[in-house]
Amino acid sequence: MKPAIARQLQRFRDQSIFRQALDHACDYLENQEARPAFPPPEALNALNAFDEPLPGRPTAADAILQMLHDIGSPATTAIGGGRYFGFVNGGALPIGLAARLLADVWDQNAALHIMSPIAAKLEQVCEDWLVELFELPAGTAAGLVSGTSTATLSGALAARDALLRRRGWDVSRRGLFGAPPIRVVLSDGAHASVGKALAIAGIGAAQIERVPADDQGRFDTRFLPPLDDNTLLILQAGNVNTGAFDDFESLCAAAREAGAWAHIDGAFGLWARACAETSNLTAGMELADSWSADAHKTLNSPYDCGIILCRDRQALATALGASGSYLQFSDGRDGMLYTPEMSRRARAIELWALMKGLGRSGIDDLVAQLCLRARQFADGLAARDFRILNDLVFNQVLVACDSAELTTRTLELIQASGECWCGGSHWKGEPVIRISVCSWATTAHDIERSARAFVAARERASSII
Ligand SMILES: Cc1ncc(COP(=O)(O)O)c(C=O)c1O
């Protein structure tokens, strides 16, 4: 290597750049509350500075970090602040973020125990704690993946392979072409990621038996088709628009009785199980066979931290297993058995830190607080003559103005205001404003301030349409 380049690269080992990065990070965190919920136009324009040719020579590390801080930080969405209500994007609790910082420096590969004993140990502990927290059957396996999309894919693969195995078909050997068909039953209220996961698993949209959703987006149990032991039934804890939960008590019981495989997509809603006030929403979920969830939503871990839980450990490991002469499996936990990936970052570190930091009571409080703030938001908006369209059971609120056009314009102005940020959606044929209260940092004051931003936006919108 040329000496000039070697000198530059050496600087990446210099601890001062980590201190600089930490300084920038602390500065970012200190200004979190003052940051607009969405970057202003000038911050977005400044991003053009990144449009440069690939540098021919190395760039000094401190200049790189400075550029990220000066131009990158102002162009972030303030999801760590208290007034970001878009999608279902949770905040990041400080203990999780700090543990993640340390884990990033460790840079462990969580594929095998032999690659990282600490990652393997904490995955094992997280698995035990999650099974306990969610009151799942003893022996349930957990895999840590990027998010619920991948978790649902993992559950679908385990289910598909297990159902086909019952028919004497080994997918890993014979593939899917020519395999006997399996049935998949899914409600119209399911999240888009489920259809995608099924397609990746080789189950096309036209092969899915769709069941209508009720007025809250729940699986309408009146239309449950007869199930059998060749069926994958996919249910939902927390509809992305309304927050509604399927009736697990009857649906999971029906699946169990028929020998069908039930999977629950609980991206943000599975955490309702861990809160005394909301756990009734999840009654019967322990009867399912697999569950997907995100720690980066309701639990407020940093991105990306998804979880697949599977009652039949062997089914998950068989669907996702891989072998190779150089792979050294152990008697300890080898995380790659439970995930589609081999190399993975050690997500268990922040997950463990969060569960230890919050404890049962802290998780209970966190979930209850999100629900309380959502209720406050809905009540505050209803008192200001906005229409609330869903039954408030969890942390999602659907809002509309008096006309579709007013709703659309109001949402545009809310998004442009920087005061708070909400996404849009369509509900029963009309445009709506979606509020997802998903951050630990949201205070009663944030809700009040955001409700005022709604009113100001609606006033302006009324004056221009
Ligand atoms: C119900 C539901 N399922 C699945 C997903 C997808 O999760 P992820 O983006 O972590 O893959 C979401 C995202 O909001 C969701 O709300």
Side-chain angles (χ1 to χ4, degrees), residues 77 79 84-92 96 130 134 142-157 186-201 208 213 216-219 233-248 251 262-273 278 281-282 285 288 290-309 339-341 344-345 347 350-351 354 367 370-371 374 390 393-398 421-427 432 434-439:
T77 47
I79 65 170
Y84 189 89
F85 307 106
F87 309 97
V88 195
N89 286 351
L130 287 167
F134 292 140
L144 298 184
V145 294
S146 56
T148 292
S149 301
T150 311
T152 301
L153 169 64
S154 305
L157 293 174
L186 183 66
S187 113
D188 288 337
H191 190 266
S193 58
V194 178
K196 179 172 168 174
L198 289 171
I200 297 171
I208 299 171
Q216 294 299 310
R218 287 177 296 239
F219 191 114
L233 171 69
I234 302 191
L235 305 173
Q236 183 169 249
N239 176 282
V240 76
N241 283 314
T242 62
F245 288 62
D246 290 343
D247 175 357
F248 305 130
L251 291 166
H263 176 88
I264 298 178
D265 167 7
F268 62 95
L270 213 68
W271 302 98
R273 180 78 157 186
T278 53
L281 294 166
T282 67
M285 82 168 214
S290 52
W291 306 261
S292 40
D294 274 327
H296 59 227
K297 290 190 167 68
T298 312
L299 190 66
N300 279 244
S301 82
Y303 278 90
D304 58 2
C305 197
I307 303 162
I308 172 65
L309 294 148
T339 62
E341 313 96 325
R344 265 176 323 132
R345 67 178 193 82
R347 300 180 171 104
E350 74 251 18
L351 183 56
L354 271 166
V367 177
L370 300 178
C371 298
N390 63 316
V393 295
F394 203 54
N395 64 337
Q396 306 290 119
V397 189
L398 291 182
W421 203 91
C422 303
S425 186
H426 272 80
W427 187 247
V432 292
R434 269 187 78 248
I435 295 172
S436 180
V437 183
C438 215
S439 175

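Every number for a ligand or one of its atoms is a count from 1 in the order of the listing. The residues of the chain are indexed from 1 along the displayed sequence.
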Present, as a list of atom pairs with distances to 0.1 Å, all nitrogen or oxygen contacts under 3.5 Å between ligand 1 and the protein.
from	atom 1	to	atom 2	distance (Å)
ligand 1	3 (N)	Asp265	OD1	3.1
ligand 1	3 (N)	Asp265	OD2	2.7
ligand 1	7 (O)	Asp294	OD2	3.4
ligand 1	7 (O)	Lys297	NZ	3.2
ligand 1	10 (O)	Thr148	N	3.1
ligand 1	10 (O)	Asp294	OD1	3.3
ligand 1	10 (O)	Asp294	OD2	2.5
ligand 1	10 (O)	His296	NE2	3.1
ligand 1	10 (O)	Lys297	NZ	3.1
ligand 1	11 (O)	Thr148	N	3.4
ligand 1	11 (O)	Ser149	N	2.8
ligand 1	11 (O)	Ser149	OG	2.6

**Study point:** side chain to side chain contact (heavy atoms under 4.5 Å, CB included) assessment of Leu309 paired with Phe134
**Key:** CA-CA 10 Å; Leu309 294 148; Phe134 292 140; 3.9 Å; yes
Review point. So, the side chain of Asn390 versus the backbone of Leu398: is there a donor-acceptor pair under 3.5 Å, distance only?
Key: yes
Point to revise | Polar side-chain atom of Asn395 near backbone of Leu370 as donor-acceptor pair, under 3.5 Å | key: no
Can you give me every donor-acceptor pair (side chain of residues 190-201, partner residue at least two apart or in another chain, under 3.5 Å) with its distance?
from	atom 1	to	atom 2	distance (Å)
His191	ND1	Ser193	N	3.0
His191	ND1	Ser193	OG	2.7

**Study point:** Electrostatic pair Asp247-Arg218, nearest N-O below 4.0 angstrom
**Key:** no
Practice item. Would you please classify the geometry between the Tyr84 ring and the Trp421 ring as parallel, tilted or perpendicular, with 30° and 60° separating the classes? Key: parallel
